[in-house]
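To start, the structure itself, in structure tokens.
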Amino acid sequence: MKRVMLTVAYDGTNYHGWQLQPNVTTIESVLNGALSALLKEETKVIGASRTDTGVHALGNIAVFDTQARMPAEKFAYALNQRLPEDIRIQDAREVPPDFHPRRQESRKTYEYKILNSAFPMPVYRLYAHFTYVPLDVSSMRRAAAYLVGTHDFKSFCSVNTTAETTVRTVYEITVDRCGDMITIRVTGSGFLYNMVRIIAGTLIEVGRGNWQPERMQDILRACDRAHAGPTAPACGLTLVKYEFLD
């Protein structure tokens with residue numbers, strides 16, 4: 001028996017998130033189906049990050065166990081012949097049998113994209129949140145700086161969370177503009193349910209001038225979801241990098 005780790009990229013538009021759910025199609029269910037068909041036996045993956053409905057990924061991580069003699073690196077080619085075009089394996093490699101992607105110390109990086117222009121651009125409609133209201137990126141940057149470090153992010157978490165603790169570490173957060181596209185990039189030790197989307201929604205409120213950047217301190221201290229901004233739409237969010245630390 002060996003354990004194989006997959007790096008999985010996907011367009012999440014047509015899927016109800018990563019995690020298995022009854023009566024809907026998810027990234028996990030499609031991977032399980034492709035692996036089971038390839039290996040001629042029921043196979044289930046263990047995912048690292050349970051992205052939500054409509055969220056995209058350039059490199060989510062999953063592992064599975066198999067007795068197949070096929071070299072681990074060949075699974076990328078074999079699976080890509082069986083997967084739909086909006087899911088592609090970017091890498092496959094063997095890992096130790098006890099390797100569990102959610103129990104390893106790691107750094108995760110998400111990007112949230114905002115198209116800030118007078119009119120929508122159709123080619124971005126599935127990959128960026130559109131707003132015509134001008135956003136002050138400088139104010140958004142100042143607000144984002146308050147989130148760097150180890151904090152209780154309960155205000156930036158869905159009330160439906162089942163997390164044992166809402167304390168997380170954000171290593172870096174940047175807000176940059178290139179033309180009409182604003183990118184919020186967040187790197188952290190881990191993220192709570194809807195955390196990045198709530199951060200994005202809160203920064204948008206700051207960018208619109210509705211809130212001052214310093215309000216971020218009060219939102220963190222409140223530990224109350226009602227104090228933060230709205231949850232930004234899922235389409236703008238992409239898991240861009242997943243790094244395991246030695």
Side-chain angles (χ1 to χ4, degrees), residues 1-113 126-127 171 185-193 195-196 234-246:
M1 185 71 72
K2 64 185 175 187
R3 177 157 288 192
V4 178
M5 182 176 76
L6 305 174
T7 301
V8 191
Y10 49 87
D11 178 335
T13 303
N14 295 321
Y15 299 94
H16 290 261
W18 173 277
Q19 192 172 5
L20 283 175
Q21 300 175 56
N23 305 317
V24 296
T25 303
T26 67
I27 303 296
E28 189 174 6
S29 69
V30 173
L31 286 174
N32 288 348
L35 277 167
S36 297
L38 174 65
L39 298 171
K40 305 295 191 295
E41 61 182 9
E42 185 178 5
T43 306
K44 295 182 179 180
V45 300
I46 301 171
S49 183
R50 298 168 179 173
T51 53
D52 296 337
T53 298
V55 174
H56 317 295
L58 302 184
N60 205 346
I61 301 295
V63 299
F64 67 93
D65 296 323
T66 180
Q67 295 181 352
R69 298 178 63 182
M70 180 189 300
E73 61 272 14
K74 296 296 184 182
F75 276 96
Y77 301 95
L79 285 171
N80 283 339
Q81 294 179 9
R82 291 166 170 81
L83 289 167
E85 290 185 343
D86 51 6
I87 304 177
R88 281 292 179 267
I89 309 303
Q90 302 298 300
D91 184 64
R93 64 183 65 187
E94 188 170 352
V95 292
D98 61 349
F99 180 90
H100 193 296
R102 293 198 297 273
R103 296 174 186 160
Q104 309 295 316
E105 188 177 359
S106 61
R107 292 166 58 102
K108 307 168 189 68
T109 299
Y110 281 89
E111 285 186 353
Y112 194 88
K113 292 192 175 293
L126 302 178
Y127 311 106
Y171 299 117
R185 186 179 177 95
V186 189
T187 299
S189 61
F191 295 95
L192 299 161
Y193 185 44
M195 179 173 162
V196 179
C235 63
L237 185 61
T238 300
L239 172 61
V240 298
K241 188 185 298 184
Y242 208 111
E243 303 168 278
F244 294 107
L245 307 178
D246 295 333

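As a basis for the values below, the full set of heavy atoms in this structure was taken, side chains included, without hydrogen atoms, waters or symmetry mates. Computed from a prediction, not measured in an experiment: that's the story for all the values here.
- Between the CD atom in Glu73 and the CD1 atom in Ile89 there is a gap of 14.5 Å [rounded to 0.5 Å].
- In terms of heavy atoms, Val24 sits closest to Ser29 at O-OG, 4.4 Å.
- Interatomic distance, Gln104 CD to Phe244 CZ, rounded to the nearest 0.5 Å: 6.5 Å.
- Panel note: side chain Asp91, backbone Ala76; no donor-acceptor pair is recorded below 3.5 Å.
- Gly59 approaches Tyr242 most closely through the heavy-atom pair O-CB, 3.6 Å.
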* To do: Applying side-chain contact (heavy atoms from CB on, under 4.5 Å), run through Leu6 and Leu79 and close with a yes or a no.
  => CA-CA 10 Å; Leu6 305 174; Leu79 285 171; 3.8 Å; yes

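- To the nearest 0.5 angstrom, Asp52 atom CG is 12.5 Å from His16 atom NE2.
- For Lys241, the NZ atom counts as loosely surrounded, since its 6.0 Å shell holds 12 or fewer non-hydrogen atoms of other residues, nucleotides or ligands.
- Residues Tyr127 and Asp11 are in side-chain contact: their nearest non-hydrogen atoms beyond the backbone lie under 4.5 Å apart.
- Under the 4.5 Å side-chain criterion, counting only non-hydrogen atoms from C-beta, Cys235 is not in contact with Thr13.
- Between Tyr15 and Tyr10, a ring centre-to-centre spacing not shorter than 6.0 Å is recorded.
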* To do: Go through the steps to decide whether Ile61 and Thr7 satisfy the test side-chain contact (heavy atoms from CB on, under 4.5 Å), and finish with yes or no.
  => CA-CA 5 Å; Ile61 301 295; Thr7 301; 3.6 Å; yes

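- Side-chain contact between Arg107 and Leu245 is present, with at least one heavy-atom pair separated by less than 4.5 Å.
- Interatomic distance, Leu20 CG to Arg50 CZ, rounded to the nearest 0.5 Å: 10.0 Å.
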* Start with the C-alpha distance between Val63 and His100, add both sets of side-chain angles, then the distance that settles side-chain contact (heavy atoms from CB on, under 4.5 Å), and finish with yes or no. => CA-CA 8 Å; Val63 299; His100 193 296; over 6 Å; no

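- When all heavy atoms of Ala57 and Val8 are compared, the closest pair comes out as CB-O, 4.2 Å.
- Residues Leu58 and Leu239 form no side-chain contact, since every pair of their non-hydrogen atoms from C-beta on lies 4.5 Å or further apart.
- Heavy atoms only, all atoms of each residue included: Ala34 and Arg82 are closest at O-CD, 4.1 Å.
- Summarising the geometry of Thr43 relative to Ser36, their closest heavy-atom pair is N-OG, 2.9 Å, with the distance given to 0.1 Å.
- Using cut-offs of 30° and 60° for the angle between ring planes, the Tyr110 and Phe191 rings count as perpendicular.
- Using a distance-only test at 3.5 Å, with no hydrogens or angles considered, no donor-acceptor pair links the side chain of Lys108 to the main chain of Glu243.
- Heavy atoms from other residues, nucleotides or ligands lying under 6.0 Å from CZ of Arg102 number more than 12.
- Listed by first and then second residue, the salt bridge (Lys or Arg N to Asp or Glu O under 4.0 Å) pairs involving residues 22-43 are Glu42-Lys44 (not counting sequence neighbours).
- Between the CG atom of Leu39 and the OG1 atom of Thr66 there is a distance of 4.5 Å, given to the nearest 0.5 Å.
- With Arg88 contributing its side chain and Leu83 its backbone, the two residues share a donor-acceptor pair below 3.5 Å.
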* **side-chain contact (heavy atoms from CB on, under 4.5 Å) evaluation trace for Met195 with Val186** => CA-CA 10 Å; Met195 179 173 162; Val186 189; over 6 Å; no

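- Nearest heavy atoms, Ile87 versus Val30: CD1-CG1, 3.7 Å.
- By the neighbour-count criterion of 12 heavy atoms within 6.0 Å, atom OH of Tyr171 is densely surrounded, having more than that number from other residues, nucleotides or ligands.
- Put simply, CD on Glu94 and CZ on Arg3 are 11.0 Å apart, with the number rounded to the nearest 0.5 Å.
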